[in-house]
Amino acid sequence: MKFQAIKGVRDILPPESAMWNRVEQTAREVFASYGYGEIRLPIFEQTELFARSVGLDTDIVQKEMYTFEDRPATLPEPRAYGALGDYLVAIDRAFETGEIPKTERNRKAIQTFRQKFGQFAAESQKLPRGFAQGQPELKDYFALLFEAIYFAQDVQLGDFVSLRPEATASVCRAYIEHGMHTFPGNVKLYYIGPMFRRERPQKGRYRQFYQIGAEVLGQSDAPAIDAEVIEMLMAFFERVGLEGGQKSEIRSQKSEAGSSTSDLRPPTSGVTLYINSIGCKECRPKYVEKLRAALIEHINELKADSQRRVETNPLRVLDSKLPDEQAVIEKLPRITDHLCEACRAHYAEVKKQLELRGVVFLENWRLVRGLDYYMRTTFEITAPGLGAQNAVCGGGRYDGLVELLGGPPTRGIGFAIGTDRLILSLQEREKEKEGGQAEEQGAHTGAPRPLDVFVAWMGAAAQPAAVKIARTLRGAGFSVEVPAEEMKFKKSIGLADKLGARYALIIGENELKEGKFALKRLSDGHQDAFSEADLLAHLKSST
RNA sequence: GUGAGCGUAGCUCAGCCGGUAGAGCAUCGGUCUGUGGAACCGAGGGUCGUGGGUUCAAAUCCCAUCGCUCACCCCA
């Protein structure tokens, strides 16, 4: 096996891809019913865009993005040492024409490159014919060559671009670029597509993964917007077959656990919605300091990872799953008790609006978002059957992000659904339901595509008739398979069955003679003869 | 980046304390030249992930390496 897919990426084959289409189609329909339009975004952007929105010092930007230099196509490879002279000429010219950035750094690098290369060229003239190992001149000769190469590589040939790790930044960029703040009302957009992260893959976490997301951008931060976004999200999960937990189920858990969320058990089936408010620029920093102080008090009860996070990102300690730390975490101050008046009111109204909409939710004070741009409302949805990565959707409010990216003051809220995980959860659920026997066949036979009619023709004379009727049937909207080569009749019917066709249309000498088609229903073997017109009518009525 | 587990046919796997590679499913052909799912018979398909070592002999033992998987870190 010579070629294989790159680590962390995968193919999605026919029986499964149908499920993907169904899920994505459901999203389109549900989102459209809430007034969202689709935005199709580029798959890569300037690295700077993600760096700014997500934060320069985050892991995401530091090591988890696919980033590369977008150098002009006309430049030769700098690695061809033999052609270093040609390369110098090419770079010189590209710098002059502005094809590569006219930065001070580049000017210097090129200048030094030229100088070192000149020395190298002069030195190489002095070399005796025929190299000999160990000649002292060779050392200097190579040293100059390597210096030249070093400075050649120091030239920044183009902008840095990155495969998108998420789409919110792109949406905001597009919002600004197209002046969408002048659009009437709130701008409601959804997107569907792949994202990229350069991490070790694990269950439900791939290097190319898929998201379905939506964003609302505009002047208003009304709690009803947050609530409607979440309502839509839950409507989507319900339509797709992973309805939220039952109200009674959640209530009983709530009373068991009191106001604490650490003991919460997700409902036995379907998805669970968790919400929280993480405050704003005013109240969150104050809370973080309180939290840090509390953590320092208990520093000895924490493990190494959490101890480190006390410094780097105290909020993350709340995410810890280590059993030993749970008792400490329980006693920590909770952000919902430390919100400023505006945030408290906002959060209360969001909850009220959710109840108004019949959305079942659990409050989780430990639900924090890793990125600075989030504020106030945050939410997350988990699903069963996923392993360690059990969140299928995350989202929150990010007022200020658009402004940070150079746009007008703008409020925003959005979410992203992890399609890979959603599908995984749906598959788990299916397995449970069917006991895992039904799909075995599909997995082996490859792609059972929905096939209405298999045209079993025999004899060269029947082939044209087969082609013709297939075209007619396809035109009428049926899916039709016609063997490209003549087959033994028995094989033909057998293949029709294996492909999962609903009907076999039989065309042989007899049928040609009578000008009719024999239509055989594969499910029970029932067979009838039809003229072309009757055939169409019959097929249409029986679908 | 860190840790653990696993690499044998297209898929799922067996192969004991070393003796020269197997099953089921799938595929293809036949029994069966105008009627499928079944049955029976047969065929193709494997440098046992790769490289090295030990040995008369390695899928099996040892080392290295690559790959996959799960988890940690991180989480968009």
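Reminder, nothing fancy here: chain letters follow the sequence lines and each chain counts from 1. Note that these values count all heavy atoms, side chains included, but never hydrogens, waters or copies made by symmetry.
- Of the candidates B:G34, B:A71, B:C32, the closest approach to any side-chain atom of A:Met458 belongs to B:G34.
- At a threshold of 4.0 angstrom between heavy atoms, the contacts of A:Arg164 with the nucleic acid are absent.
- Under 3.5 Å, the side chains of A:Thr410 and A:Glu403 contain no donor-acceptor pair of N or O atoms.
- Here the side chain of A:Leu522 is nearest to one of B:G36, B:C72, B:G30, namely B:G36.
- Distance CG (A:Leu386) to P (B:A71): 10 Å, rounded to an integer number of Å.
- Taking atom CD of residue A:Glu64 and atom C1' of nucleotide B:C73, one finds them 9 Å apart after rounding to whole Å.
- Looking at heavy-atom distances under 4.0 Å, A:Leu495 makes no contact with the nucleic acid at all.
- Look at CD on A:Gln389: it is 12 Å from P on B:C75, rounded to the nearest Å.
- Distance CZ (A:Arg200) to C1' (B:C72): 11 Å, rounded to an integer number of Å.
- If you check the side chains of A:Glu231 and A:Tyr34, you find a donor sitting under 3.5 Å from an acceptor.
- B:C73 atom P lies 10 Å from atom CZ of A:Arg205, rounded to whole Å.
- Put simply, A:Lys490 has a side-chain N or O that comes within less than 4.0 Å of OP1 or OP2 on B:G36.
- Among the heavy atoms of the strands lying under 4.0 Å from A:Gly525 is at least one base atom, whether or not backbone atoms are also near.
- Rounded to an integer number of Å, the gap from CG of A:Leu49 to P of B:A76 is 17 Å.
- The OG atom of A:Ser425 sits 5.0 Å away from atom CG of A:Leu386, with the distance rounded to the nearest 0.5 Å.
- Comparing A:Glu511 and A:Gly387 against RNA chain B, the residue whose closest nucleotide sits nearer the 5' end is A:Glu511.
- Among the nucleotides B:U33, B:A76, B:C72, the one closest to the side chain of A:Arg316 is B:A76.
- You'll find that the side chain of A:Ala388 is closest to B:C72, out of B:C72, B:C74, B:G30.
- Put simply, A:Lys303 has no side-chain N or O that comes within less than 4.0 Å of OP1 or OP2 on B:C72.
- Residues A:Tyr66 and A:Phe44 fail the side-chain proximity criterion, which asks for heavy atoms closer than 4.5 Å.
- Residue A:Glu380 is classed as having no contact, given no heavy-atom separation below 4.0 Å to the nucleic acid.
- The side chain of A:Asp497 lies closest to B:G37 when the candidates are B:G37, B:U35, B:G34.
- Distances from the side chain of A:Pro201 to the nucleotides B:U31, B:U69, B:G34 place B:U69 closest.
- If you take CD of A:Gln307 and P of B:C72, they are 19 Å apart, rounded to a whole angstrom.
- A:Ser53 and A:Tyr398 form no side-chain donor-acceptor contact under 3.5 Å, judged by distance and modelled atom types alone.
- For B:C68, the OP1/OP2 oxygens have a side-chain nitrogen or oxygen of A:Lys7 closer than 4.0 Å.
- Distance CD (A:Glu486) to P (B:G34): 9 Å, rounded to an integer number of Å.
- The base-pairing partner of B:U31, taking Watson-Crick or G-U wobble contacts with both distances under 3.5 Å, is B:A39.
- The side chain of A:Lys203 approaches B:A71 more closely than any other nucleotide in the set B:A71, B:C28, B:A76.
- Partner assigned to B:U20 is none, using Watson-Crick or G-U wobble distances below 3.5 angstrom.
- Counting only N and O atoms by type, the side chains of A:Glu325 and A:Ser306 include a donor and acceptor under 3.5 Å apart.
- Within 6.0 Å of CZ on A:Arg474 lie more than 12 heavy atoms contributed by other residues, nucleotides or ligands.
- Residue A:Lys520 places its side chain closer to B:U35 than to any other of B:G34, B:C73, B:U35.
- Backbone-only contact: A:Gly494 has heavy atoms under 4.0 Å from sugar-phosphate atoms and none from a base.
- Residue contacts for A:Asp305: at a heavy-atom cut-off of 4.0 Å it reaches the sugar-phosphate backbone alone, with no base atom in range.
- Put simply, A:Arg308 has a side-chain N or O that comes within less than 4.0 Å of OP1 or OP2 on B:C74.
- Here the nucleotide nearest the side chain of A:Asn313, chosen from B:U69, B:G30, B:C75, is B:C75.
- Set against B:U35, B:A76, B:G30, the side chain of A:Lys491 has B:G30 as its closest nucleotide.
- Within the nucleic acid shown, A:Arg309 comes within 4.0 Å of sugar-phosphate atoms alone, with no base atom in reach, counting heavy atoms only.
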